[in-house]
Amino acid sequence: MTPKTENVTGRIYDIQGFAVHDGPGVRTTVFLKGCPLRCLWCHSPESQRSEYDLSYLAVKCVGKELCGAPCVGVCQSGALIECEPEKAVTGDRMVTKVKVDRERCAECLRCAGVCPSKALSASGREISVEEAYTRINKDRFVFKKDGGATISGGEPMGQFEFTLNLARKLKENGIGVCLDTTGYAPPEQFLEILEYIDLFLYDIKHMDSKKHRSFTGVPNELILSNARLLAENGASLQIRVPVIPKLNAGMENLEQTADFCARLGGAVKLVQLLPYHSMGRSKYARLGQPYRLSNVEPPDEAFMERALEVFLSRGLPGKIR
Amino acid sequence: MEYDLRVSDRIERLKAKREWYNDGRLRLNSERTRIITKYYKEHESEYPILRRAGFLYEWCATREIFIEDEDILLGSTGPGMRTISFNIEARSHAWIKNCLGDSDEKFRAAWQTPGCVWVDDEERAMLLDAAEYWKDRDIHAHMKGFMPPEIYEHFGSGVSDIHPERTFSMPEGHFVANFEKAIKVGFGEVRRDAARRLAELEKNLTWENARSHAFYRAAIKLCDGAILMSKRYAQACRDKAATESDPARKAELLKMADSCDWIMENPARNLWEGLQVIIFYQTIISADGQQHGQSIANVDRYVGDLLDNDIASGNITRAEAQELFDAFILRIGDMIMLYTSPPNDELIKLNREGRSLFNTLGTDHTISGGIHVTIGGLKPDGSSGYNLASELMLLSFRRLVVPDPSVCIRVNEHTPDIIWKIAIESSKLAGGIPQFDNDEVIIRSLVERGIPLEEAREYGIIGCVEPTIPGKEWPCCGSTGSFGGVTLISVLNLCIHGNVNPMTGAAGRLPCKKLYEYESFEELQAEYERQVRFYVDFQQKIFQFFEVVYSEFFPCISASVMMDGCMESGKDVTWGGAKYNALGVMTNTFANTADSLMTIKKLCFDWKKVSLRELYDALCANWEGYENLRQMIINEVPHYGNDDDEVDELARWCSDVYADALMSYKGPRNCAMAAGSLTLTANVFIGKRTPATPDGRRSGEPMADAISPRQGAALNGPVSYVKSAAKLSHRKFSNGNQLNIRFDPRSVEGDEGTWKLRELIKAYFELGGLQLQFNVVATEELRKAQKDPIAYKDLIVRIAGFSTYFVHMSPEVQEDFINRSEQYV
């Protein structure tokens, strides 16, 4: 058994209050870093690696003229390069910003430590169960009957000791917990955390294991078997199906997905179809990573309605978004 | 919960006619100036209240009457739709001379070029002549004849803005007349009442009550005027019917004529008559001083039973009633006015560019009549005040999508789901239409201001956010005399710079230390508190002075005739005749002041990272050479708006110091002083004249608006945002306050987004928040609108206590709006 402790720390990249897309009601969501999957459509690239990422937000950079560019001085790999001076957005002064050469960057994060404007920052921080709980508890008054906390990621099961203890702490203090998971984790861990989770937000991305591997980097057998295991052991599941044109939005795959969900029976409280969007694109730029999913457009509403019908016709509770 | 968004063809046409905002087909209303100037010239020695009533009678009797082909409700403040009014008594003479009299060339460019507000040559000559007459007879001139000259010595300190040439122009009565009595009792009965009281008075006339003799005679004259005007509209309907070929429209006009013959004199008998009385009465009040922000408030309460009776008796269908509310909003929204103090060159420039005249930077003028409609609430016994009229009224706002008038929803446990749904969906589409007001907090604050609970439950909102008891209170919630309260950040600046405003070099009245001389943070706080108390005392003296003069020369008989208390006491509202009295004073810059105090406390005292001297030098240098210190402040010092208890406590302290000082005084008319916080666009203007502040703000940059956190400082999401704001002592804000939130549209889309916004509003109110309004518009859309104003001409945003078209705002105000924190939910 995993020990009960509040001293264990987790590595997170954000905590967001008033999250409305992470389960029922109004919720506060903890986003953990690190994910075993590499979905092509991922809208939170900063969640993927366990290590801290160097994030650079050019609009926050005040320029060498004002701060003296200490970042360039501390960089040992020559990855920070001064740009051509440009005119400031307000006023007439010139601004010499920096840019990050990602090829050279060793991600030592020294520059983030000295950047006065925090244009260069480490994406990620350590947080204890107690701290995370205290932050979530501040928002308690908006949770009401349906809302609560959501532990998300990345893959929260990847930091199992932290996730388990946080879920337990929340549950013991009367805050409802959703776990947003890819399902890609050891089955015994799911069985252990089950009693603290009110609702699993559970992704099913493709029914064909080969295609699953090519789009996400991992096969789907473990994911599907964990879903069945949870259903058999009394878990409540909200199945989330991202609808990505050209990748998993064929009718055949949607029908197979719906059949699978139907076989899970009463455990499935809702199937949520999430149409692809490209809002995460700017985050890739901040991390200096390429956006790998080109020429895919969001599906139109008419298609989403047809896709939804596939699920509704099997008696599943479903909705778009 | 579906609702019908299609408006009738004639409402569509009427709406198009009123769209002067976007095509500039707007005319200056010179008619009122012509009538009042002529009357005043011919009645030089008439006693002021009789003179006011005499002029108003003349206005009712001679003003031009028009009826549009689409009109089903009648009445306007000027001789046609899209006329913009102004108040010649409110120091307009300088404005007229500057804007109209400079040169023929400039005049034509500003006033007679297509797209400009229009004045013809004849009007121009008349206005110039009127300006000459009023130069020594307007409010400002009379104030100069009273004010001790020392009061102007404060000017330039940044705290108080009493300027010898600019102050004391507008009365800013900001009230709600007794529309309910006008509808349900009528001017005929009020006239009889006044006549009876006059006869009684004559039997026992004393020194104490002799002035009331004039009051009752003025009341009778006003009633005569109101009744006469309605009958003139009746005749105009008949004239129009005579040439009308469509039999249905002809019958409608004749029916309207019959009603116009009946109403004003007698109680309204149906919904149409009730709504018509409101418009007619509002136009008369507008002619009597045109006090910007005089509101209509609880229309659903005034006409709710008339609507119910009409529906029950089959007199009207729901669709017909809906069309009436549509027409009502368009008529009310057409009553707009101009502040007449903007710098003339800027006005001319804006006019030439075809831009709004009302958003001239530095004057916080808005494209609005400042009229506010309140929806729902409670009955005196505490039961639900929502009715069918509430729903139809709100739905008309949703159907029309116009920025004027303002509208608010009173939120309580009875607020129906359909109201929530329409309100939030409307507000997602057009910023701040409606805003949301918290019954529990506002009612409690009114009770603390001295209003009995049963009457407090019937409050309505005036202007932007200011609560009042309609028809019973003379609240002056716009600050009598149109000068604001105390600018808190400027008080702190005096404490930092040794009682000098470094922007002007002007000194305040209380010598004090410089920032680096304070021994402890507590010493600085004590100095700040001493200064705030001094300036609050100064302001309240000015209010007393102003109202002495104003009540003598410019009584407000149009409001007094119906207002509870006035007829009984024989006193005008400006003489203290109303049943309840108040004076609202707005203050501002809580967020900047609290963040600045927090910076000093943390960096210089708690953490000892920076010396007071270094911070002082950085401020004096406007952060030049101190950018890293500025960044440390922005990134490391906690800011208000993030649910940080320590800085939020400082914000609460700042507002309490101010409110407690203000509330310790009895104002003019022995009234309660009511604190509030609202900035309109003045946060930009105040920022322009304020030096660098310890919160990392550079000299000239905008302040935070109202009680909202600083631009870009709220980084913990909307729950933290509202939690910080809720920690202020809202029950001390009986003059209202305002919290702005802007959301990314993608985060609140669909029904789910709607219900979750409701949860956030409820959460804020459960924590004790008073008022909230939101915009749902993405930064990128606003940037596009700046580049292509034509394509975005219909984009409505809530900027402060008013909604307006985004593209009509000045570039500085647009920038400030964009920089306010965008919240994702």
Side-chain angles (χ1 to χ4, degrees), chain A residues 14-29 43 59-70 88-91 93 95 112 114-121 134-147 272 275 277-280 282 298 301 319-321, chain B residues 623-636 642-645 696 698 700-701 712 714-724 726 741 743-744 746-764 766-767 778-780 811-812 815 818-819 823-825:
Chain A
D14 204 2
I15 296 183
Q16 284 181 4
F18 211 73
V20 294
H21 299 300
D22 299 320
V26 177
R27 315 193 71 85
T28 296
T29 305
H43 61 259
V59 293
K60 287 192 81 179
C61 180
V62 297
K64 183 185 170 188
E65 292 79 359
L66 288 180
C67 71
V89 180
T90 51
R93 66 190 184 88
V95 183
V114 298
C115 175
S117 67
K118 304 281 183 265
L120 288 158
S121 64
T134 304
R135 168 66 189 84
I136 293 165
N137 194 43
K138 276 191 157 196
D139 294 351
R140 185 182 200 119
F141 73 103
V142 290
F143 295 157
K144 304 282 161 51
K145 188 164 59 64
D146 296 332
Q272 209 181 354
H277 62 77
S278 59
M279 284 188 282
S282 63
E301 282 302 311
K319 68 168 193 162
I320 300 168
R321 289 187 188 86
Chain B
W623 307 107
E624 293 276 336
Y626 294 89
E627 183 61 22
N628 290 353
L629 170 57
R630 199 176 84 89
Q631 291 297 336
M632 189 197 293
I633 292 166
I634 292 169
N635 291 305
E636 292 177 31
N642 295 292
D643 194 15
D644 178 282
D645 282 339
R698 294 191 186 96
E701 288 180 354
L715 302 172
N716 276 357
V719 176
S720 298
Y721 194 102
V722 303
K723 274 186 86 180
S724 278
I741 311 187
F743 292 103
D744 182 293
R746 292 169 298 213
S747 70
V748 293
E749 61 193 3
D751 279 352
E752 202 173 341
T754 296
W755 298 127
K756 288 181 176 179
L757 279 171
R758 175 168 80 169
E759 290 309 308
L760 184 70
I761 296 165
K762 280 181 160 179
Y764 178 52
E766 276 166 29
L767 287 171
T779 299
E780 65 236 46
E812 290 91 338
E815 208 57 34
I818 292 171
N819 288 334
Q823 300 291 319
Y824 297 82
V825 300

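Throughout, a chain's letter reflects where its sequence line sits, starting with A, and its residues are numbered from 1.
- In this structure, A/Ser117 has no side-chain hydrogen bond (donor to acceptor under 3.5 Å, both in side chains) partners at least two apart in sequence or on a different chain.
- Using a 4.5 Å cut-off between heavy atoms, B/Asn635 contacts chain A through its side chain alone, with no backbone atom that close.
- The main-chain N or O of A/Asp146 is found under 3.5 Å from a side-chain atom of A/Arg27 such that the two form a donor-acceptor pair.
- In this structure, no portion of B/Leu629 lies under 4.5 Å from any heavy atom of chain A.
- The number of heavy-atom neighbours closer than 6.0 Å to CD of B/Glu636, taken from other residues, nucleotides and ligands shown, is above 12.
- Qualifying salt bridge (charged side-chain N to carboxylate O under 4.0 Å, His left out) partners for B/Asp643, counting only residues two or more places apart in sequence or in other chains: A/Lys138, B/Lys723, B/Lys727.
- Proximity to chain A is absent for every atom of B/Glu624, based on heavy atoms less than 4.5 angstrom apart.
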